[in-house]
Trainee: 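Quick one: the structure is below, questions incoming.
All values below were derived from every heavy atom in this structure, side-chain atoms included, with hydrogens, water molecules and symmetry-related copies excluded.
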Amino acid sequence: MKSTTSNVSQALVGKLPGLISQQATGAPGADDVSLLVRGHSTYNGGDGPLILVDGVERSMAYINPNEVESVTILKDAASCAVYGMKAAAGVILVTTKRGTEGKTTINYKGSLTLSHATTLPEFMNGTHYMQWYNYARRMDGEKAYFTDEEIAMTTNGDPTDGFENTNWQEPIYRTTLMHQHNLSISGGNEKTRYFLSGGFMKQNGFIKGFELERGNFRSNIDTQVTKDISVSLNVAGKINDYYQPGGDSYENQTTNNVVGVLLYAAPFVPLEYEGMPASGYRGASNPDYAAGHSGYSKIRTMRLETSAKIEYSFPFLKGLKAGMFVGWDWQDRDSRSFKYSYELMLYKPESKKYVRQYASNLQPTGGMSVGDEKEQQVVLRPSVSYNQKFGLHDVGALFLYEQTERKGNTLTGYRSDFALLDIDELPFGSTIHPTDGNFSSSTRQAYAGYVGRFNYAYNDRYLAEFTFRYDGSYHFKEGNRWGFFPSASLGWVASEEDFFKELFPQVERFKLRASFGILGSDNVDPFLYRKQYAWSKNSTVFGTTPQAVNTLYNKVSYPMENLTWEKCRSINAGFELSAWNGLLGIEFDVFYKYTYDILRSIGGVYPPSLGGHYPSIENSGTFDNRGFEITVKHRNHIGKFNYSLNGNLSFARNKILRMTQADNTKPWQNRLGTSVGTIWGLKSLGLYQTQAEIDAAPLPISEIPRLGDIRYLDYNGDGLISWDDEVKIARPTTPEMMFSLMADANWKEFDLSVQLQGAALCDKLLCGEWNNGARDQTPLTRPFYAGWDNAPYYLVENSWRPDNTNAEYPRLSTVAYANNAQVSDFWKRNGAYVRLKNVTLGYTLPQSWVKKSGISNLRLFASGYNLLLSPSLSTSILRRPMSFKVTIRSNAPLRLV
């Protein structure tokens, strides 16, 4: 795979069938992709795949992509069973590079990446904003707010009158820079092989002060100590530094979010007024100025990953081996922030004047917090294996024990009111906050399991394997703590049969395979089988002179002693075909996953009068997921022109079969038979066009609607629009179908790689519920949100007006109407898309040019990412950034399995 992304998860998008990917942000250090293997495995959450790096559970975010040799996805129960309780949702195996026997090779790879936002909705300038705002005011029955003279000031060129045409969005379009460098050394002899690698990356955000710096190293050494003893030692380290200004954040739905402030700031407000920074945002913020005048927030993460394996081959029985694997990981996360407010000029709508004030959400006298989080993980895995071939019979067996222990602790401190902002140390803050930001905690987790695997093959044609895993989890009470999870698989390489060769001589390989297995999950909080108490500070008031005191309260008042493993029964069948010397290759799989005994929260079905004395979780849910995957390959050459095509398509659809619901659940609101993430809301009937329609309408869910507001269906016919009328209105936002087409070609020294990637069978809502549970519109669906926010042209131009009754959006207004903010299918859009994910053009310098300099291979290439997007969404939304990369490299590409 010819890809130079900054993290492994991005490199996997569209490359492998069965992998569903979604990226929420492109912020430095937070641009990882969330992954699902074959969709959801439960409706209880926590169904992300298990990720193993060199045999140990670790995050892919910690890996330099240049150090990765291969990525393998395990999807069926037979292949996942040996990996234990977290494998029910699939397993991703990441294997880093190792040395090979041969002379020492030095590889360098350097890249420079330029990123730029490709598509943003066009927002109004100052003049148009004032004109449209006056129009909306008149539709609200109010007089115009801006005078003609004030509107004219936006174009008169006078910077002192307080009215301008300001492009607050300009910083978002800035081209950002990322550069990466990696140097590796590999080689070895018949006794010892080694791979050493070191790298550095720096990534900038579009606002100065947002930066990510990462340094990493890796050492993988394999040595044959004696004829019968081999040892492997792996050591990897990483230092990750993340910086951002004190005043703002890239994080979505946070106060003074950088993107939100810049998009929605009133465009008639200048960048500066009377020599001071100005704010056109309701939250009193100026991100560009705050970058250098609001303090800082920085996080340093240091991580060390180590493992060692010793293996002994018994000389008296060929094929019998015993081994011990030990892994030890350590991480320290040191955070430090010192934030203080800055003065700016804020436009006050009520007086039409600018007032000098401090930026919001920050203290003028400053606040400082420091924190330290430490984690360590220890893995022990002794094993015994046997593999031998007796004539046409190939047999193998494996038995191992695995024990994992994790420990962690956290310590934070916070002070405010600094007399001097020049000294950023805690002792200089005069106010201590006992219950705010000052705390410590510690955690400890332990798991154990036994694994067995037996496999047999006859004449490389008939294949059979049986696997079991016996896992223990401290989450459950003794007696329910251990679970047995078996699996089996069969395979038939039909192309090895004589009759098949005679019937289909053009087919080189045809294999049928099937598997069945049961996997387990302990996806629930630990110790719920015990009565638990928690300590609450200053939460209760007693006495004639009221005084807050600390209290002890029931956290788990009803012990749930019968909780046990959530289980997933998985069936898989498929075939592999290769024919005509690579001209055609096909892999096809169908699967069915049935999850039962789901650990489901049921607390909401009991009346509050029971006082919490009832079970809040039980093993009661059932769920299934089914689908298919297909990969089609073609490889050929025409003279010196070589090319290959690789297309894959995945489909997965799930269904809730059983879950505990309240007794008064309406039949049309029954969740049974629906998919995880199904969107529920009101059914819309368009927009009100006449007063007669309003007069004849059911009682509204909020205020009396106006012409141009959204009409809703009274589903239950009770004459009232309420939450009782909510029905299924949209598919989940997670795609049920993912697809990709990759083309690679080379001619002489030139090579070209192109990837198209897309998703389908999903919906998006332009507005709905915010993270805090509030139902509301957004500045992209309601003009002049919060009274003053800027709005995109598409929104004001396509809002309902007397001269535009066939409108896409509700009535143009400056007033918030809760009627239009309800979750409804009025805001539903098809979430399908196709994008040009990657284009890479490379040139490898001829050997005659570089050989004299000692370089065996030198390749230059340029790559572009997220270059084009063809969305089904009818409204423009913020896209992922486009990036263009120029690279010099001499190492091999990442290999995917």
Trainee: Checking His40 against Asn654: is there a side-chain donor and acceptor pair closer than 3.5 Å?
Mentor: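 No, because no side-chain N or O of Asn654 sits under 3.5 Å from a partner of the opposite role on His40.
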
Trainee: Can you tell me if CD on Gln506 sees more than 12 non-hydrogen neighbours from other groups inside 6.0 Å?
Mentor: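 Yes, the 6.0 Å shell around CD holds more than 12 heavy atoms from other groups.
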
Trainee: Can you give me the closest heavy-atom contact between Leu858 and Ile855, atom names plus distance?
Mentor: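 Looking at all heavy atoms of both residues, the closest pair is CB-CG2, 4.1 Å.
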
Trainee: Return yes if some donor-acceptor pair links the side-chain N/O of Asp763 with the main-chain N/O of Arg731 below 3.5 Å, else return no.
Mentor: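 Looks like yes, one N/O pair under 3.5 Å.
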
Trainee: Looking only at the side chains, is there a donor atom on one of Ser184 and Ser197 sitting less than 3.5 Å from an acceptor on the other?
Mentor: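 There is no such pair between these side chains.
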
Trainee: Would you check if there is a donor-acceptor pair between the side chains of Asn646 and Lys633 at a distance under 3.5 Å?
Mentor: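 No donor-acceptor contact under 3.5 Å links the two side chains.
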
Trainee: What pair of heavy atoms forms the shortest contact from Ile518 to Ala77, and how long is it?
Mentor: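 The answer is N-CB, 4.5 Å.
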
Trainee: Tell me yes or no: between the side chains of Ser863 and Thr840, is some donor less than 3.5 Å from an acceptor?
Mentor: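 Distance-only check passes for Ser863 and Thr840.
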
Trainee: With side chains defined as the heavy atoms from C-beta onward, is the minimum distance between Leu212 and Met201 less than 4.5 Å?
Mentor: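 A side-chain contact exists here, since the closest heavy-atom pair is under 4.5 Å.
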
Trainee: In the structure I gave you, are the side-chain heavy atoms of Thr467 and Arg453 within less than 4.5 Å of one another anywhere?
Mentor: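 Answer yes - side chains close enough.
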
Trainee: Using every non-hydrogen atom in the two residues, find where Asp76 and Ser79 come nearest and quote the distance to one decimal.
Mentor: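 Looking at all heavy atoms of both residues, the shortest contact is OD1-OG, 2.8 Å.
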
Trainee: Is a side-chain donor or acceptor of Arg859 paired with a backbone partner of Tyr843 at a separation under 3.5 angstrom?
Mentor: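 Pair absent, no side-chain N/O of Arg859 close to backbone of Tyr843.
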
Trainee: Under 3.5 Å, is there a donor-acceptor pair linking the side chains of Asn572 and Asp589?
Mentor: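 Yes, a side-chain donor-acceptor pair sits under 3.5 Å.
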
Trainee: Restricting to pairs with a member in residues 385-395, which pass side chain to side chain donor-acceptor pair (under 3.5 Å), not counting sequence neighbours?
Mentor: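 For residues 385-395: His393-Tyr456.
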
Trainee: Please say which of Phe390, Tyr458, Phe454 ends up in a side-chain contact (heavy atoms from CB on, under 4.5 Å) with Val395.
Mentor: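 Output: one option passes, namely Phe390.
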
Trainee: Taking the side chain as every heavy atom from C-beta outward, state whether Asn182 and Asn64 have any pair of such atoms under 4.5 Å apart.
Mentor: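 Yes, at least one pair of side-chain atoms sits under 4.5 Å.
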
Trainee: Between Leu177 and Gln203, does a side-chain contact (heavy atoms from CB on, under 4.5 Å) hold up when you go through it step by step?
Mentor: CA-CA 6 Å; Leu177 176 68; Gln203 183 180 10; over 6 Å; no

Trainee: For Glu496 and Tyr462, test the side chains for any donor-to-acceptor distance below 3.5 angstrom and give the result as yes or no.
Mentor: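 No.
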
Trainee: Main chain of Gly18, side chain of Ser650: is a donor-acceptor contact present, judged purely on distance under 3.5 Å?
Mentor: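 Checking the backbone N and O of Gly18 against the side chain of Ser650, a donor-acceptor pair under 3.5 Å is found.
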
Trainee: Within this structure, what is the OG-NZ distance for the pair Ser41 and Lys593, rounded to the nearest 0.5 Å?
Mentor: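 Spacing of OG (Ser41) from NZ (Lys593) equals 3.0 Å.
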
Trainee: Would you say Glu67 and Asn216 are linked by a side-chain donor-acceptor pair, where the criterion is simply a distance under 3.5 Å?
Mentor: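 There is such a pair (donor and acceptor under 3.5 Å, judged by atom type) between the side chains of Asn216 and Glu67.
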
Trainee: Under 3.5 Å, is there a donor-acceptor pair between the side chain of Gln847 and the main chain of Ser856?
Mentor: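 Yes, the answer is positive, given that a donor and an acceptor are paired below the 3.5 Å cut-off.
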
Trainee: Are the side chains of Lys655 and Asn625 in touch, meaning some heavy atoms are under 4.5 Å apart?
Mentor: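 No, their side chains stay 4.5 Å or more apart.
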
Trainee: Is the ring pair Phe200/His181 parallel, tilted or perpendicular, if the boundaries are 30 and 60 degrees?
Mentor: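 It falls in the parallel class, under 30°.
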
Trainee: In sequence, state the C-alpha distance, the side-chain angles, and the governing distance for Thr192 and Ile221, and then conclude on side-chain contact (heavy atoms from CB on, under 4.5 Å).
Mentor: CA-CA 7 Å; Thr192 301; Ile221 298 175; 4.1 Å; yes

Trainee: Please identify which of these residues, Ile51, Asp54, Val8, meets the side-chain contact (heavy atoms from CB on, under 4.5 Å) condition with Ile63.
Mentor: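 When Ile51, Asp54, Val8 are each tested with Ile63, the side-chain contact (heavy atoms from CB on, under 4.5 Å) holds only for Val8.
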
Trainee: If you look at every heavy atom in Asp498 and Arg461, which pair is closest and at what distance?
Mentor: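 Smallest interatomic distance, heavy atoms only, reads OD1-NH2, 4.4 Å.
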
Trainee: Could you check whether atom NZ of Lys318 has more than 12 heavy atoms from other residues, nucleotides or ligands sitting under 6.0 Å from it?
Mentor: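 For Lys318, atom NZ is not crowded (no more than 12 foreign heavy atoms under 6.0 Å).
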
Trainee: Using side-chain contact (heavy atoms from CB on, under 4.5 Å), reason through Thr113 and His179 one step at a time and then give a plain yes or no.
Mentor: CA-CA 6 Å; Thr113 303; His179 59 92; over 6 Å; no

Trainee: Under a 4.5 Å cut-off applied to non-hydrogen side-chain atoms, are Trp492 and Glu497 in contact?
Mentor: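 Yes, close enough: below the 4.5 Å cut-off.
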
Trainee: Please tell me if the side chains of Val82 and Leu398 come closer than 4.5 Å, counting only heavy atoms from C-beta onward.
Mentor: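 The answer is no, as the side chains (C-beta and beyond) never meet within the 4.5 Å cut-off.
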
Trainee: To the nearest 0.5 Å, how far apart are OG1 in Thr105 and CD1 in Ile185?
Mentor: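 Result: 10.0 Å between the selected atoms.
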
Trainee: What's the shortest heavy-atom distance between Arg626 and Tyr592, and which atoms?
Mentor: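 The answer is NH2-CE1, 3.2 Å.
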
Trainee: Between the side chains of Asn220 and Arg193, is a donor N or O closer than 3.5 angstrom to an acceptor N or O?
Mentor: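 No, no side-chain donor-acceptor pair sits under 3.5 Å.
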
Trainee: Within the 4.5 Å heavy-atom criterion, are Leu867 and Val839 side-chain neighbours or not?
Mentor: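 Side-chain contact under 4.5 Å: yes.
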
Trainee: Rounded to the nearest 0.5 Å, what's the gap from OH on Tyr194 to CZ on Arg98? Could you check?
Mentor: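 Tyr194 atom OH to Arg98 atom CZ measures 14.5 Å (nearest 0.5 Å).
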
Trainee: Using 0.5 Å steps for rounding, measure from the CG atom of Leu584 to the CD atom of Glu508.
Mentor: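 It is 9.5 Å, given to the nearest 0.5 Å.
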
Trainee: Would you find more than 12 non-hydrogen atoms of other residues, nucleotides or ligands less than 6.0 Å from Arg635 atom CZ?
Mentor: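 12 or below, so no.
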
Trainee: Considering only heavy atoms from C-beta outward, does the side chain of Leu183 approach that of Asn107 to under 4.5 Å?
Mentor: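 Contact flag for Leu183/Asn107 side chains = no.
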
Trainee: Can you measure from CG (Leu841) to CG (Leu860) and round to the nearest 0.5 angstrom?
Mentor: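 Going from CG on Leu841 over to CG on Leu860, the span is 10.5 Å.
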
Trainee: How many angstroms lie between CG in Asn746 and OG in Ser644, if you round to the nearest 0.5 Å?
Mentor: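 Interatomic distance, Asn746 CG to Ser644 OG, rounded to 0.5 Å: 8.5 Å.
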
Trainee: Step through it carefully: locate the ring centre of Phe504, locate the ring centre of Phe510, and say whether they are under 6.0 Å apart.
Mentor: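 Centroid separation for Phe504 and Phe510: 6.0 Å or greater.
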
Trainee: For a quick check under 3.5 Å, do Ser307 and Asn234 share a side-chain donor-acceptor pair by atom type?
Mentor: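 Per modelled atom types, Ser307 and Asn234 side chains form a pair under 3.5 Å.
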
Trainee: Is a donor on one side and an acceptor on the other found under 3.5 Å between the side chain of Lys97 and the backbone of Ser70?
Mentor: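 Checked: no pair found.
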
Trainee: Could you please spell out the steps behind the side-chain contact (heavy atoms from CB on, under 4.5 Å) verdict for Leu114 and Met178?
Mentor: CA-CA 7 Å; Leu114 304 176; Met178 178 178 70; over 6 Å; no

Trainee: Which heavy atom in Thr631 sits nearest to a heavy atom in Pro17, and how many Å separate them?
Mentor: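 Between these two residues, the closest heavy atoms are OG1-CG, 3.3 Å.
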
Trainee: Is atom NZ of Lys238 surrounded by more than 12 heavy atoms (other residues, nucleotides or ligands) closer than 6.0 Å?
Mentor: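 More than 12 heavy atoms, drawn from other residues, nucleotides or ligands, come within 6.0 Å of this atom.
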
Trainee: Show me the donor-acceptor pairs, under 3.5 Å and distance only, between side chains in residues 732-740 and residues at least two apart or in other chains.
Mentor:
unit_1	atom_1	unit_2	atom_2	d
Glu736	OE1	Arg653	NE	3.1
Glu736	OE1	Arg653	NH2	2.8
Glu736	OE2	Arg653	NE	3.2
Ser740	OG	Gly14	O	2.9
Ser740	OG	Gln755	NE2	3.3
Ser740	OG	Leu756	O	3.1

